[in-house]
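What follows is a set of notes on a single structure, which appears directly below.
What you see below is based on every heavy atom in this structure, not just the backbone, and it leaves out hydrogens, waters and symmetry mates.
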Amino acid sequence: MSAYLSIESLCVGYGTTRVLDDVSLAIGKGELVALLGSSGCGKTTLLRAIAGFVVPQSGSIRVDGQDLLALPPEKRGAAMMFQSYALWPHMSVAGNIGYGLRMRGWKRDAIAARVEEMLALLQLEGFGPRPVTALSGGQRQRVALGRALAVSPSLLLLDEPMSNLDYRVRIDLRHELRELQRRVGITAVYVTHDREEALTLADRIAVIDAGRVAQFGAPEEVFHRPASPFVAGFMGADNRLTLAMRDDGVLVTPAAAPGARKVHAHFRADSARLSDAPGEPGAGDVSLPGVVVQVYYVGQGYRYRVRTADGEVWAHAGERRSEGSPTAVVVPRESLVVFPASGP
């Protein structure tokens, strides 16, 4: 896929603090890319640099071959949807959706026709005269999206637009937004700190760590084949073991193979199981005898913290076990993501 939005070697800093450090991304036309990372990692700064609200120290941003850095924000053809939606409270739904068109000098009839088109697209027919202050959070989110799409932007930039919504509303709107983005065919960049949201919405995910792109790939690739321990942890594989890898590739505890090469193995709690027969793991599986020290009910089973000789790990199980009971955490070999040990 050829790049429609091309970001090359982008650096942004404030004083001596480097916020974005040599960031490069190539995003195809019609693609939705999620910028995923924790607070302060630089993902919103990257979005604002694309929009023109932040001036980079070096690097380039191009859309369809055009250099954006030479253009002011209003000439970039990008529409940005903010976390707070930034709707005008004194205006109606129709007034908010048509605001950008009025600023561009559209005639009244053309604005009215475009607003009706947006209302139909967003399943808000009949809502045009209503004040935005009378709408629910999910409806306001749709109005903000309609205002952004009404001006036919070349890029849609979304800065955590669902973070203020209730969980059930977020789930519904994720699917609506994804379907709408595909139907319209617009290129979109979506900032989020929510792993599930990124996996659900994005064609590809860029995981941002301390101003750098830690990994850029399809959701399945980033989730199942993380490129670094940081990405593995951020994608949910936050259990870490120090193991030994024998010459035949089998992973064992360091005590079982004192001369073997040490590695760090990450795994998700839901990929492990608890066993009462610690000596009978499957071929290549890792078995860690231990004691249950904490139990949480999580709706679909229980989450256990287990203390083993190799450290504390988390595991899920359907059955209830008591704190203090002996058990073994068994992790299938295919669930372990292995990296060279760079430390203890």
query = T200 versus R170: any side-chain heavy-atom pair under 4.5 Å?
reply = no
task = Examine L35 and L68 and state if one hydrophobic cluster contains both, with Ile, Leu, Val, Met, Phe, Trp and Tyr joined whenever side-chain heavy atoms are less than 4.5 Å apart.
result = yes
query = Any chance CZ of R108 has more than 12 other-residue heavy atoms, nucleotides or ligands included, within less than 6.0 Å?
reply = no
ring-ring contact (aromatic ring centres under 6.0 Å, His included) involving Y302 - partner list, sequence neighbours excluded = Y297
request  = For the pair R140 (side chain) and V132 (backbone), establish whether a donor and an acceptor sit closer than 3.5 Å, ignoring hydrogens and angles.
outcome  = yes
remark   = In this structure, CD of Q141 is separated from CG of L122 (nearest 0.5 Å) by 9.0 Å
query = Does the K262 side chain pair with the main chain of A341, one donor and one acceptor, at a distance under 3.5 Å?
reply = no
note = Here the gap from I186 atom CD1 to L156 atom CG, rounded to the nearest 0.5 Å, amounts to 5.0 Å
query = Taking atom CZ of R142 and atom CG of L135, what is their separation to the nearest 0.5 Å?
reply = 10.5 Å
request  = Any chance you could measure S60, atom OG, to I7, atom CD1, to the nearest 0.5 Å?
outcome  = 9.0 Å
message = Between D64 and S154, is there a side-chain heavy-atom distance shorter than 4.5 Å?
response = no
query = Which pairs pass salt bridge (Lys or Arg N to Asp or Glu O under 4.0 Å) with one or both residues in residues 294-318, sequence neighbours excluded?
reply = R305-E312, R307-E312
ask   = Below 4.5 Å, heavy atoms only, C-beta onward: do V19 and V54 meet side chain to side chain?
value = no
ask   = Can K107 and D109 be said to form a salt bridge (Lys or Arg N to Asp or Glu O under 4.0 Å), step by step?
value = CA-CA 6 Å; K107 295 186 180 301; D109 290 348; over 6 Å; no
ask   = Any donor-acceptor pair under 3.5 Å linking the side chain of N96 with the backbone of S92?
value = yes
request  = Can you measure from CZ (R104) to CG (L101) and round to the nearest 0.5 angstrom?
outcome  = 7.0 Å
task = Kindly compute the distance separating OG1 (T44) from CG (L157), expressed to the nearest 0.5 Å.
result = 11.0 Å
key: Cation-pi geometry met for R195 and F223 (6.0 Å, 45°)   = no
query = Is the backbone of L201 close enough, under 3.5 Å, to the side chain of R178 for a donor and an acceptor to pair up by distance?
reply = yes
Side chains of I208 and V213 in contact at under 4.5 Å (non-hydrogen atoms) = yes
request  = Look only at the side chain of S228 and the backbone of V231, and say whether a donor-acceptor pair between them is shorter than 3.5 Å.
outcome  = yes
inquiry  = Side chains of P226 and Q215, heavy atoms from C-beta outward: is any pair under 4.5 Å?
reply    = yes
Shared hydrophobic cluster for L145 and V151 (ILVMFWY, side-chain gaps under 4.5 Å) = yes
Audit row: E179, R182, salt bridge (Lys or Arg N to Asp or Glu O under 4.0 Å) steps and yes/no = CA-CA 5 Å; E179 181 183 352; R182 284 174 169 166; over 6 Å; no
ask   = So if you build clusters from Ile, Leu, Val, Met, Phe, Trp, Tyr with side-chain heavy-atom gaps below 4.5 Å, do V331 and W314 land together?
value = no
key: Note, L177 side chain near M162 side chain (heavy atom, < 4.5 Å)   = yes
inquiry  = Using the side chain to side chain contact (heavy atoms under 4.5 Å, CB included) definition, which of the options N239, V293, L274 pairs with V306?
reply    = L274
query = Can any side-chain N or O of R76 pair as donor or acceptor with the backbone N or O of L71 at less than 3.5 Å?
reply = yes
query = Can you tell me if R212 uses its side chain to pair, donor with acceptor, with the backbone of D22 under 3.5 Å?
reply = no
In one Ile/Leu/Val/Met/Phe/Trp/Tyr side-chain cluster, 4.5 Å: V93, W88 = no
query = Is the shortest heavy-atom distance from the side chain of Y4 to the side chain of V63 under 4.5 Å?
reply = yes
ask   = Hey, quick one: are V143 and L158 part of the same hydrophobic cluster, counting side-chain heavy atoms closer than 4.5 Å, chains of contacts allowed?
value = yes
query = With a 3.5 Å cut-off and no angle check, do the side chains of Y190 and E197 form a donor-acceptor pair?
reply = yes
query = Any ion pair linking R268 and D270 (charged N to carboxylate O, less than 4.0 Å)?
reply = no
Donor-acceptor contact below 3.5 Å, side chain R102 vs main chain G95 = yes
ask   = Is a donor on one side and an acceptor on the other found under 3.5 Å between the side chain of D159 and the backbone of F82?
value = no
key: Side-chain heavy-atom pair L336, R333 within 4.5 angstrom cut-off   = yes
